[in-house]
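Take a look at the structure set out below.
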Protein chains: 2
Amino acid sequence: MFRSIPNKELSQAGLELRIAAELRAAGLRATAPRRAIVRELLGDTSHPTAQQLFERLEGQLRTLSFATVYNTLRALNDAGHVGRLELGGAARFDPNVEPHHHAICESCGEVRDVPAPKAARAPRLSGFRISRVDHVYRGVCAPCLEAETQTS
Amino acid sequence: MFRSIPNKELSQAGLELRIAAELRAAGLRATAPRRAIVRELLGDTSHPTAQQLFERLEGQLRTLSFATVYNTLRALNDAGHVGRLELGGAARFDPNVEPHHHAICESCGEVRDVPAPKAARAPRLSGFRISRVDHVYRGVCAPCLEAETQTS
DNA sequence: ATGAGTGCAAATGCTTTGCATCCTG
DNA sequence: CAGGATGCAAAGCATTTGCACTCAT
């Protein structure tokens with residue numbers, strides 16, 4: 001999402017226009033709930049679940065349905081405008097659709113981005129046409145490692 | 001599972017003994033349902049779901065509970081004796097716990113193993129202690145590619 | 001014999017769907 | 001003003017859990 005948009009110094013109004021344009025580019029109408037969902041996910045590096053997005057947005061709109069959050073995220077994912085991470089439990093959503101990978105802390109559950117190496121050479125899988133590559137690194141993040149050390 | 005066991009020319013009886021030994025190594029009692037689950041998963045390269053395993057085993061045992069299949073697979077996974085793949089939808093289970101990766105066909109859903117390169121160099125993630133690396137290749141498998149060509 | 005394991009059913013968690021109403025393009 | 005989108009509730013899967021009974025160790 002916003003692949004080609006330099007969003008430094010983007011005015012509030014400009015951002016709103018951009019959000020609407022992105023939705024239409026995905027073949028979706030720029031309704032209030034959808035704009036709010038996109039606005040919230042945009043720039044969120046925490047890979048939130050649909051539930052988390054819903055909770056953050058509940059106060060902002062007069063009404064908001066769980067189903068709308070799910071349906072909108074699914075539509076955006078289908079259109080290739082947001083990423084969807086399946087790591088067990090609830091799916092997590094990612095505003096960054098550039099090729100990159102993820103590290104998940106098995107202690108606190110946090111998911112962090114891992115840049116994809118510039119020269120990402122995929123293995124050749126005889127006859128298999130690769131369209132997407134996901135790497136998932138599971139382990140323990142720095143803060144949790146430190147917490148472990150202090151306890152032991 | 002069976003990491004260190006040369007299972008060529010293993011007699012039927014020997015295999016059964018091995019299955020029981022593996023279960024005990026995982027801290028589990030070698031009950032009839034569990035033996036059947038391990039026996040079925042062993043040598044199955046299709047990465048079946050719990051549901052699929054249940055269906056295949058239903059006829060073989062006088063009774064078998066869904067819950068037992070789930071609980072056993074979870075226990076084996078917790079003990080590191082089977083792999084669990086989260087690719088969206090139902091989890092898939094893998095008897096192979098050696099480091100390797102997976103390719104999933106977005107057309108037919110089949111999951112195939114991808115060998116991990118011998119010198120697998122993981123990226124250094126400042127402070128993050130990596131315990132496991134999963135690569136998922138999404139795309140279209142050879143048979144589905146061919147089917148596509150013929151239709152178009 | 002003792003406690004882990006089983007089967008069954010109910011509960012839980014995540015996601016999708018049906019439908020009447022609302023609103024964008 | 002037509003068809004897409006919303007909200008709500010109910011349905012649908014996947015998985016887990018509670019509990020009385022059974023069986024492996």
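Chain A is the first sequence line, chain B the second, and so forth, proteins listed ahead of strands; every chain is numbered from 1.
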Position toward the 5' end of DNA chain D (nearest nucleotide), B:A30 or A:L61: A:L61
B:R24 side chain near D:dT25 phosphate (N/O to OP1/OP2, under 4.0 Å): yes
Any B:R34 side-chain nitrogen or oxygen under 4.0 Å from OP1 or OP2 of C:dG5: yes
Within 6.0 Å of CD in B:E110, more than 12 heavy atoms from elsewhere: no
A:N71 and A:R74 side chains, donor-acceptor separation under 3.5 Å: yes
Atom-pair distance (CG on B:L23; P on C:dA4), nearest Å: 16 Å
B:L64 CG - C:dG5 P separation (whole Å): 15 Å
Distance, rounded to the nearest Å, where B:D78 contributes CG and C:dA4 contributes P: 16 Å
Pairwise distance CG(A:L85) to CG(A:L87) - rounded to 0.5 angstrom: 5.0 Å
Residue pair A:R129, B:E148: steps toward the salt bridge (Lys or Arg N to Asp or Glu O under 4.0 Å) verdict: CA-CA 12 Å; A:R129 187 180 60 202; B:E148 265 183 29; 3.6 Å; yes
Within the sub-3.5 Å range, which N or O atoms of nucleotides 14-18 of chain D have a protein N or O partner, and how far apart are they?
residue	atom	partner	partner atom	Å
D:dT15	OP1	B:A91	N	2.9
D:dT15	OP2	B:Y70	OH	2.7

Any B:S65 side-chain nitrogen or oxygen under 4.0 Å from OP1 or OP2 of C:dT6: no
Nearest listed nucleotide, side chain of B:T63, among C:dA4, C:dG7, D:dG7: C:dG7
Distance, rounded to the nearest Å, where B:R29 contributes CZ and C:dG5 contributes P: 6 Å
Separation of C:dT16 C1' from A:N77 CG (nearest whole Å): 15 Å
B:D113 vs B:H101, side-chain hydrogen bond (donor to acceptor under 3.5 Å, both in side chains): CA-CA, chis, key distance, verdict: CA-CA 6 Å; B:D113 285 339; B:H101 304 304; over 6 Å; no
Rounded distance in Å - CG (B:L28) to P (D:dT25): 11 Å
Tabulate atom names and distances for all N/O pairs under 3.5 angstrom spanning the protein and nucleotides 19-22 of chain C.
none

For atom CZ of A:R62 and atom P of D:dA5, their distance in whole Å: 20 Å
Stepwise side-chain contact (heavy atoms from CB on, under 4.5 Å) check, A:F54 with A:L64: CA-CA 8 Å; A:F54 174 75; A:L64 176 63; 3.9 Å; yes
Charged N-O contact under 4.0 Å between A:E16 and A:R18: no
Presence of A:T31 side-chain N/O under 4.0 Å of C:dC23 phosphate oxygens OP1/OP2: no
Rounded distance in Å - CZ (A:R35) to C1' (D:dA5): 13 Å
Side-chain ion pair, B:R39 and B:E22, N-O less than 4.0 Å: no
Can you give me every donor-acceptor pair (side chain of residues 135-144 of chain B, partner residue at least two apart or in another chain, under 3.5 Å) with its distance?
residue	atom	partner	partner atom	Å
B:H135	ND1	A:H135	NE2	3.4
B:H135	ND1	B:Y137	OH	3.4
B:H135	NE2	A:H135	ND1	3.4
B:R138	NE	A:D134	OD2	3.4

